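Whatever order the structure lists them in is the order used to number ligands and atoms, beginning at 1. Values reported hereafter were calculated over all heavy atoms of this structure, with side chains retained and with hydrogens, waters and symmetry mates removed. Keep in mind it's a predicted model, so treat the numbers as computed, not measured.
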Amino acid sequence: MTDRAEHDTVAFEVIDRIAWVRFNRPEKRNCMSPRLNRRMGAVLDELEHRDDVGVLVLTGEGSAWSAGMDLKEYFRETEAQGLAGTRQAQREAYGWWRRLRWFQKPTIAMVNGWCFGGGYGPLFACDLAFADENAQFGLSEINWGILPGGGATKVAASLTGFRNTMYHALTGENIDGRTAAAWGFVNAAMPADALRARVEAVAAVLLAKNPVALKATKDAVRRVSEMTYDNAEDYLIRAQEAANSYDNEGRKEGIRQFIDDKSYKPGLATYDLARPAT
Ligand code: ACO
């Protein structure tokens, strides 16, 4: 199949409050075409504020997570439309990665196979990432004659050190999931048959947490990495006060269950969200 309809380029289902979103062009190793990028934007719109979604997992159908940008449809065909075509394609791709970086719910990349170039955008956009230990990660841009753009160089430089980034980008050599974990591209790598269970277990941990605190925390981690200490200190005070305006009772209930009820210890577990605040 070479001409998959836009609607079919992304698949998703919601099971037990986890939205499983899949790049769905396995016959093209899930490379990102303008149609896929448009569809992904629409899927994120649909899922972001649904009450039955607490965590989003992004994975790939078939042997790839994503083989990066579609060299034919994203590069060659949009370039043929001139600058306006190129810029529109960039907006649609970068747009959904940005949406995902600041998504309302925690997000997990479940990297099941190939992850190249432009794929680093959504990889970084996900808050957490777990990989098949045999997945292959590559900045292959140098192999076909461009620099790793679209944020890919920034992603590598943000997640790992200078020498690793430089070697990875200049040589175009791939690394496997285990090395990706050692470099900090993903949280952990494991055999393929253990991957989904691990992601489900992490999602279950997140689903038990206060959702307002989760959103405030994930944004804070991204923001403070580019701030001075003093700016971060100030931002974090304001961010907590803003979070309180959405959920002023959650943290009070968390304190109450520990101090008054003695029903849990925050150093060892999470407070019970299901118990009504008193
Ligand atoms: N762009 C366009 N088409 C692609 C891409 C891509 N990024 N990746 C795979 N495809 C297509 C192939 O052309 C092929 O199409 P066809 O069936 O019509 O011939 C089909 O997907 C299957 O690909 P194969 O190469 O046959 O699959 P294989 O499993 O042998 O290899 C691999 C997988 C290694 C991922 C290979 O497809 C590949 O090198 N892809 C390109 C990876 C890449 O460099 N991406 C760009 C990164 S740079 C950036 O994103 C800016």
Side-chain angles (χ1 to χ4, degrees), residues 1-6 8-11 22-41 58-81 83 85-98 100-101 109-126 129 131-160 164-177 179-180 183 185-186 192:
M1 187 196 293
T2 55
D3 206 17
R4 193 177 275 268
E6 182 171 314
D8 287 336
T9 56
V10 177
R22 297 192 301 281
F23 294 106
N24 194 37
R25 299 179 76 207
E27 69 283 355
K28 295 290 181 187
R29 305 300 178 263
N30 297 325
C31 65
M32 290 175 270
S33 62
R35 271 181 289 192
L36 182 145
N37 290 327
R38 271 196 294 281
R39 180 64 188 145
M40 197 63 94
L58 181 59
T59 189
E61 189 65 43
S63 62
W65 194 68
S66 172
M69 308 319 290
D70 187 319
L71 269 55
K72 175 171 169 286
E73 294 187 34
Y74 179 84
F75 284 107
R76 186 199 280 167
E77 292 178 4
T78 57
E79 275 172 34
Q81 297 161 24
L83 186 61
T86 298
R87 289 286 183 262
Q88 175 165 346
Q90 288 167 337
R91 274 197 303 278
E92 288 170 344
Y94 303 172
W96 79 259
W97 305 343
R98 189 179 310 114
L100 195 58
R101 282 202 300 283
M110 185 169 92
V111 184
N112 54 302
W114 305 108
C115 177
F116 284 110
Y120 283 31
L123 176 70
F124 180 65
C126 289
D132 175 346
E133 61 192 10
N134 292 318
Q136 293 286 311
F137 295 74
L139 288 180
S140 56
E141 286 88 340
I142 198 73
N143 293 340
W144 61 278
I146 69 165
L147 65 79
T153 301
K154 175 70 175 161
V155 170
S158 301
L159 295 178
T160 191
N164 287 338
T165 301
M166 196 62 94
Y167 188 87
H168 197 50
L170 288 179
T171 66
E173 241 177 66
N174 296 338
I175 57 170
D176 66 11
T179 304
W183 282 17
F185 281 9
V186 297

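- Of all the atoms in ligand 1, the ones that sit under 4.0 Å from a non-hydrogen atom of Phe75 are 51 (C).
- Note: Trp183 and Tyr167 fail the aromatic proximity criterion, with ring centroids not under 6.0 Å apart.
- Within the listing of ligand 1, atoms 20 (C), 21 (O), 22 (C) sit less than 4.0 angstrom from a heavy atom of Glu27.
- Residue Lys72 has no N or O atom closer than 3.5 Å to an N or O atom of ligand 1.
- The ligand atoms of ligand 1 that sit less than 4.0 angstrom from a heavy atom of Gly118 are 49 (C), 50 (O).
- In plain terms, the two heavy atoms of Glu133 and Asp176 that are nearest each other are O-CB, 3.6 Å.
- The shortest N/O to N/O separation between Arg29 and ligand 1 falls below 3.5 Å.
- With a 4.0 Å cut-off on non-hydrogen atoms, Ala67 touches ligand 1 through its backbone as well as its side chain.
- With distances taken over non-hydrogen atoms, the option nearest atom 48 (S) of ligand 1 out of Trp114, Trp144, Tyr74, Phe116 is Trp144.
- Among the atoms of Met69, some N or O lies under 3.5 angstrom from an N or O of ligand 1.
- What you find for Ala129 and Leu123 is that their closest heavy atoms are CB-CD1, 4.1 Å.
- Less than 4.0 angstrom separates some heavy atom of Gly68 from each of these atoms of ligand 1: 50 (O).
- Taking the six-membered ring wherever Trp is involved, the centroid distance between the rings of Tyr120 and Phe185 falls below 6.0 Å.
- Taking CG of Leu71 as the reference point, atom CE of Met32 lies at 11.5 Å (rounded to 0.5 Å).
- Scanning all heavy atoms of the two residues, the minimum distance from Gly60 to Asn112 falls at O-ND2, 2.9 Å.
- Ligand 1 has a nitrogen or oxygen under 3.5 angstrom from a nitrogen or oxygen of Lys28.
- Formation of a donor-acceptor pair under 3.5 Å by the Arg4 side chain with backbone atoms of Asn24 is found in this model.
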